[in-house]
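Report on one structure; see the data block that follows.
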Amino acid sequence: GEIGSFRYRERDLLRTGPVPEFWRAPTDNDFGSDQQIRSRVWLGAGETRTVDSVRVTAADVEGPTAVLIESFNTLEGAGDSRVITRYTVFGSGDILVENRFEPGSEDLPEIPRFGMSLTLPATLDRVEWFGRGPHENYWDRRTGARLGRWSMPVDSLYYPYVRPQENGNRSDTRWVAFTDETGAGILAVGLPTVDFSAHFFTLADFDEGEEKRNRHTIDLERRDFGTVHLDLRQTGVGGDNSWGAVTHREYTLLPQVLEQAFLLRPVEGGADATGPAELARSGLWTSEMASAVGRRSLRFETFAERNLVDHLARDATLSVVTPASSPYSRGGDQALVDGVRGSIDRRGGDWQGYEEKDLEVVIDLGASQPIERVKIGFLQVVWARIFLPSAVEVSLSEDGETFTTLGTVIHDVAPDLPTDLRHYFEVIGIPGEEGRSTARFVRVRAVNIGRAPPDHELSGEPAWLYADEIIVE
């Protein structure tokens with residue numbers, strides 16, 4: 001399911017790849033919020049994916065004859081998420097690369113990056129690009145980087161932070177070319193754009209692991225090949241503080257369908273050869289390519305709306321029997337149905353907290369609706385005495401007075417469960433037309449365990465219950 005070789009005029013343009021990539025070497029801010037632990041399911045997810053099948057067909061496209069190769073992959077360690085990579089290989093030598101991610105679960109943590117990684121021969125040690133620069137810039141830290149045409153040695157893309165970590169990204173890139181001393185090499189054209197980084201180090205070289213080892217720049221050994229990342233986006237680098245603050249939601253890649261596309265094209269060296277800027281504007285073989293290029297703009301894309309869950313309860317009227325005990329939940333009761341998912345490392349904002357108290361919520365959907373499923377998100381942070389509920393009950397009603405139980409989930413609270421855990425409790429409605437579950441009112445009751453369990457180190461102290469999202473489908 002990967003490109004094994006890409007040669008042009010007896011030159012090897014690729015050493016390995018491209019391979020789907022979901023991880024970045026944790027930054028100091030990532031360590032501050034424990035993202036290197038929370039998002040660890042994405043480490044190596046692309047490299048260890050299972051290739052379920054590969055399909056080869058003639059491509060139905062305009063322009064030169066083309067072959068379509070489709071690779072269907074499963075990320076078993078990431079909730080059986082799916083990745084479909086499509087290579088359209090044109091007779092011109094161009095390769096259209098399309099990468100699609102489909103999450104296997106809504107419970108997955110944020111994704112550090114979504115893109116593809118590849119390695120290049122060491123001779124391709126020069127880089128030129130049209131995008132933001134010349135210095136490094138990221139999704140949430142780029143307004144100080146001008147859009148322009150830049151060039152430098154690949155080594156100069158590296159930013160030597162005192163401790164090795166993610167560095168050197170360039171965002172909103174229209175095209176980027178990696179070439180040798182003659183100007184020959186490989187060009188990547190964003191459709192519409194890519195974020196890119198390139199180093200003579202690997203991602204693993206920058207990765208400290210689950211805990212900082214406090215290595216330094218001089219501890220890194222320069223490789224005899226280049227590593228390139230061509231990304232749709234990375235989750236932003238944050239920086240409100242470096243001891244707990246997460247990246248703002250509008251700059252966070254939460255599990256959702258993600259798609260990227262770019263064109264790989266050989267660059268011929270020599271004084272009379274066509275330069276990368278002109279190559280990037282010509283030979284857009286399909287209407288989709290031309291349309292993607294036409295959509296380029298400097299308008300900042302926001303994932304804020306894409307990060308909202310779409311569900312029946314969103315914006316619905318609700319009543320909460322027990323007021324939240326947590327004094328810093330800025331969202332109020334409406335946060336339980338506002339479509340915003342709480343972060344597992346920040347208990348304020350979108351979480352409603354209850355000390356020793358149960359939670360009871362009645363949601364008015366405004367009209368009778370067929371109910372297929374009800375999901376409720378809860379938090380567990382053991383050291384902070386925040387535990388999952390011992391039971392969750394979902395009931396339905398047409399009049400708001402008489403309720404019928406749809407289902408109850410019993411949970412045995414274990415003190416040895418990992419901290420920083422987010423979990424959905426789920427009740428399924430009656431499928432099919434006959435006897436289908438319908439209701440105008442949905443009631444959710446969650447039972448607080450009351451006190452920390454006997455074998456917990458804080459045994460007997462008041463337990464907290466935190467809820468963030470009641471989804472009615």
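Reckoned from all heavy atoms, side chains included, excluding hydrogens, waters and symmetry mates.
Within 6.0 Å of atom OH in Y161, more than 12 heavy atoms from other residues, nucleotides or ligands are found, so the atom counts as buried in its surroundings. For D310, the CG atom counts as loosely surrounded, since its 6.0 Å shell holds 12 or fewer non-hydrogen atoms of other residues, nucleotides or ligands. The number of heavy-atom neighbours closer than 6.0 Å to CZ of R306, taken from other residues, nucleotides and ligands shown, is above 12. Heavy-atom contacts from other residues, nucleotides or ligands closer than 6.0 Å to CG of D60 number 12 or fewer. Heavy atoms from other residues, nucleotides or ligands lying under 6.0 Å from CZ of R213 number more than 12.
Of the possible polar contacts, one joining the Q334 side chain to the A316 backbone as a donor-acceptor pair under 3.5 Å is found. Side chain of D468 to backbone of G342: a donor-acceptor contact under 3.5 angstrom is found. A donor-acceptor pair under 3.5 Å is absent between the side-chain atoms of S437 and the main chain of G429, judged by distance alone. Not one N or O on the side chain of T252 forms a donor-acceptor pair closer than 3.5 Å with the backbone of L254. In terms of modelled atom types and a separation under 3.5 Å, the side chain of W150 and the main chain of G148 share a donor-acceptor contact. The backbone N or O of G32 lies less than 3.5 Å from no partner atom in the side chain of S242, so there is not a single donor-acceptor pair.
Pairing each heavy atom of T85 with each of P20, the nearest pair is OG1-CG, 4.0 Å. When all heavy atoms of W23 and R113 are compared, the closest pair comes out as O-NH1, 2.9 Å. A pairwise comparison of heavy atoms in S397 and A439 identifies O-CB, 3.6 Å as the closest pair. Here the shortest heavy-atom pairing between P112 and W42 reads CD-CD1, 3.7 Å. Here the shortest heavy-atom pairing between L264 and P18 reads CD1-CG, 4.4 Å. Across E355 and P462, no two heavy atoms sit closer than the pair OE2-CB, 3.6 Å.
With a 4.5 Å cut-off on side-chain heavy atoms, F403 and L396 do not count as touching. L68 is listed as a side-chain neighbour of R86, based on a closest heavy-atom distance under 4.5 Å. You'll find the side chain of W285 stays beyond 4.5 Å of the side chain of T88, heavy atoms only. Between T408 and R445 there is no side-chain heavy-atom pair separated by less than 4.5 Å. When side chains are defined from C-beta on, F387 counts as touching H456, because their heavy atoms get closer than 4.5 Å. Taking the side chain as every heavy atom from C-beta outward, S71 and V51 approach each other to under 4.5 Å. Considering only heavy atoms from C-beta on, T227 comes within 4.5 Å of H229 through its side chain. Residues F262 and I95 form no side-chain contact, since every pair of their non-hydrogen atoms from C-beta on lies 4.5 Å or further apart.
In summary, the aromatic rings of W464 and Y354 are positioned with their centroids too far apart to meet the 6.0 Å limit. In summary, the aromatic rings of F378 and Y424 are positioned with their centroids too far apart to meet the 6.0 Å limit. Taking the six-membered ring for Trp and the full ring otherwise, the centers of H411 and F425 sit less than 6.0 Å from each other. Close placement of the F206 and H199 rings is indicated, their centers lying within 6.0 Å of each other.
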Checklist line | salt bridge (Lys or Arg N to Asp or Glu O under 4.0 Å) assessment of R40 paired with E210 | finding: CA-CA 9 Å; R40 205 152 190 84; E210 293 192 29; 3.5 Å; yes

Notebook entry, point to check: Can you check salt bridge (Lys or Arg N to Asp or Glu O under 4.0 Å) on D207 and R24, steps first, answer last?
Noted result: CA-CA 8 Å; D207 195 338; R24 73 173 177 213; over 6 Å; no

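Inspection of the Q165 and D28 side chains reveals an N or O donor paired with an N or O acceptor under 3.5 Å. For the residue pair H311 / E469, a side-chain donor-acceptor distance below 3.5 Å is found, with atom types taken as modelled. With hydrogens and angles left out, the side-chain atoms of Y138 and E166 include a donor and acceptor closer than 3.5 Å. The closest side-chain donor-acceptor pair between Q256 and N307 falls under 3.5 angstrom. Side-chain atoms of T50 and D52 form no donor-acceptor pair, as typed in the model, at a separation below 3.5 Å. The closest side-chain donor-acceptor pair between D195 and S171, if any, does not fall under 3.5 angstrom. Remark: the S197 side chain and the N169 side chain contain no N/O donor-acceptor pair separated by less than 3.5 Å. For the residue pair N137/R142, the side-chain donor-acceptor check at 3.5 Å is not satisfied. For the residue pair T119 and T16, a side-chain donor N or O sits within less than 3.5 Å of a side-chain acceptor on the partner. Side chains of N29 and T27: a donor-acceptor N/O pair is absent below 3.5 angstrom, by distance only.
Here W175 contributes atom CH2 and L187 contributes atom CG; the two are 7.0 Å apart, rounded to the nearest 0.5 Å.
A tilted orientation is assigned to the rings of F201 and Y158, their planes being inclined by 30° to 60°. Using the six-membered ring where Trp is involved, F114 and F101 have ring planes that are tilted, between 30° and 60° apart.
Residues D30 and R38 are not paired through a salt bridge, judged by the lack of any N-O separation under 4.0 Å between the basic side chain and the carboxylate. A salt bridge does not link E76 with R49: none of the charged nitrogens is closer than 4.0 Å to a carboxylate oxygen. Here R100 does not pair with E98 in a salt bridge; the nearest charged N to carboxylate O distance is not below 4.0 Å. A salt bridge links E208 with R163: at least one charged nitrogen is closer than 4.0 Å to a carboxylate oxygen. Checked for salt-bridge contact, E426 and R373 meet the test: a charged N lies under 4.0 Å from a carboxylate O. Salt bridge status for R443 with E393: present, with a side-chain N to carboxylate O gap under 4.0 Å. A salt bridge is absent between R440 and E398: the closest approach of a Lys/Arg side-chain nitrogen to an acidic carboxylate oxygen does not fall below 4.0 angstrom.
Partners of R341 according to the salt bridge (Lys or Arg N to Asp or Glu O under 4.0 Å) rule, which considers only residues two or more places apart in sequence or in another chain, do not exist here.
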